[in-house]
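Both counts, for ligands and for their atoms, begin at 1 and track the order of listing. Sequence positions, counted from 1, serve as the residue numbers for this chain.
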Amino acid sequence: MRRLLLLFIVTELAYSSCREGFTLINNECRGKYVTMEIPFNQALNTTIDKCNEILGQPVIIHDEKDEKYWEPFTVYSNPLFPLGLMCNSVTKMWEWVDGSAVDYKPPTYAPALDQDCTTGFCTWLLKTNPTYDWTYGSCSNHNINTFEIYCSIPLRQPIPSSDGCDNFEDDSDDGLCYQVGGIAESWTDAQMICKKLGANLASIHNQQENSFVRRLAVSKGAVNGVYLGATMSGKGQDFGWVDGTDWDFTNFYPGFPMPGIGDCIAMDTTTTAGQWINIDCTEKLPVACVRQGRAIVDPSCSTDPGVEGTIITSPGFPYIASMPCDFFLTADVGKIVELEIILLEANPFYDYLVIHDKFLGGDMIANLTGILSNVTYTSTSNLMRVSWEPNGGVNVKGLAMIFRGV
Ligand SMILES: *[C@@H]1O[C@H](CO)[C@@H](O)[C@H](O)[C@H]1NC(C)=O
Ligand SMILES: *[C@@H]1O[C@H](CO)[C@@H](O)[C@H](O)[C@H]1NC(C)=O
Ligand SMILES: *[C@@H]1O[C@H](CO)[C@@H](O)[C@H](O)[C@H]1NC(C)=O
């Protein structure tokens, strides 16, 4: 895929409640997701993966209020409570899994928090040691322990707007939205600035995008250079775009990237060519962000019955998923309906896809939520009713499916 889809959703609806067992605190749903037996050194990765399953993230603590909220959930013994702290291999400093800085530290913590994190510390734990509020498990500890995985699921606020790029600049040639602004303290900080805008640091895939970003930068006063979204970290000796897009275009000055001078990339905006150099990731520079424009502004539920063998989607797919819709699928008499879900992306336990045999009065075949692809359901008659029932449909793509009479 050429672009990571960045979904900006316009909707009046937001989450009205949290999933069972989770509590709404400070614009996020907080709670325990699962209890698991896992080796110490896998605890952080597993916590990240598990929380991802419910579109959440591990516990992040930015102030005393958060610390005081979470502390009572754990005691000085098993089970263990992992925190969302991970090692940034570029800065060698601990940071939160969402890229934010460790701007709060509890009254007592293991000294490793202030030390080079690449030297073998693994999972940070909350209040599991009587000496420290935060302590860590070593990466060489493969012992299996009981971990309680707590997550927080941010509420995604609707972003009201009418045009595809909102307050971003629109490059009408490629449907992407760019913004240049804010002087970042470092490359990591730059990516945080973009993330807060629902975007990523800009990736550049052709001369035309390069020129657009350069002109935009200059028009915003960034006349010396801007950070682009590529680093060398984690990619061996190769650069890669942070938004996951292909590394299919470069515009380096001859002789660059120059070994040993830095693992991040900046565009020199002083000349019209907008050529690139590699620089130290802790330079202060303005930021260029990019995100996908919204193609569809006002989805509606079509009154056409779905056509056999064609891809049918929920209204607004994949940009907006908030509009409910019923699909009445009909196969030839004597056949049954075979429905393939190509993709369902629904907020787990908020948005549902309900499949019924027949249009009315038939059995419920399935009641689905979360993320699914490539699954098939069949009816007992030639009729099937598929109901997309979003409760907000916030930040998800919705439904794509195809059916056949068999
Ligand atoms: C955790 O995941 C990261 C990134 O996928 C990987 O580099 C690292 O080796 C994993 N750690 C463990 C202990 O599996
Ligand atoms: C689908 O499941 C959810 C959660 O269990 C429930 O609230 C909803 O009523 C179900 N829908 C139908 C049509 O049964
Ligand atoms: C869907 O699943 C079937 C059976 O599991 C598999 O043969 C097929 O390759 C899958 N298709 C895709 C697009 O993943």
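- For a heavy-atom separation below 4.0 Å, the residues in contact with ligand 2 are Tyr352, Val354, Met364, Asn367.
- Around atom CD of Glu64, no more than 12 heavy atoms belonging to other residues, nucleotides or ligands sit under 6.0 Å away.
- Side chains of Leu285 and Trp187 form no contact here, defined as non-hydrogen atoms less than 4.5 Å apart.
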Residues Phe73, Tyr150; criterion ring pair (Phe, Tyr, Trp, His ring centres under 6.0 Å); working and verdict = CA-CA 9 Å; Phe73 290 96; Tyr150 286 84; 5.3 Å; yes

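- Other residues, nucleotides and ligands place more than 12 heavy atoms under 6.0 Å from the CE atom of Met36.
- A heavy-atom distance below 4.5 Å is found between the side chains of Tyr178 and Val290.
- No side-chain heavy atom of Trp388 sits less than 4.5 Å from a side-chain heavy atom of Met323.
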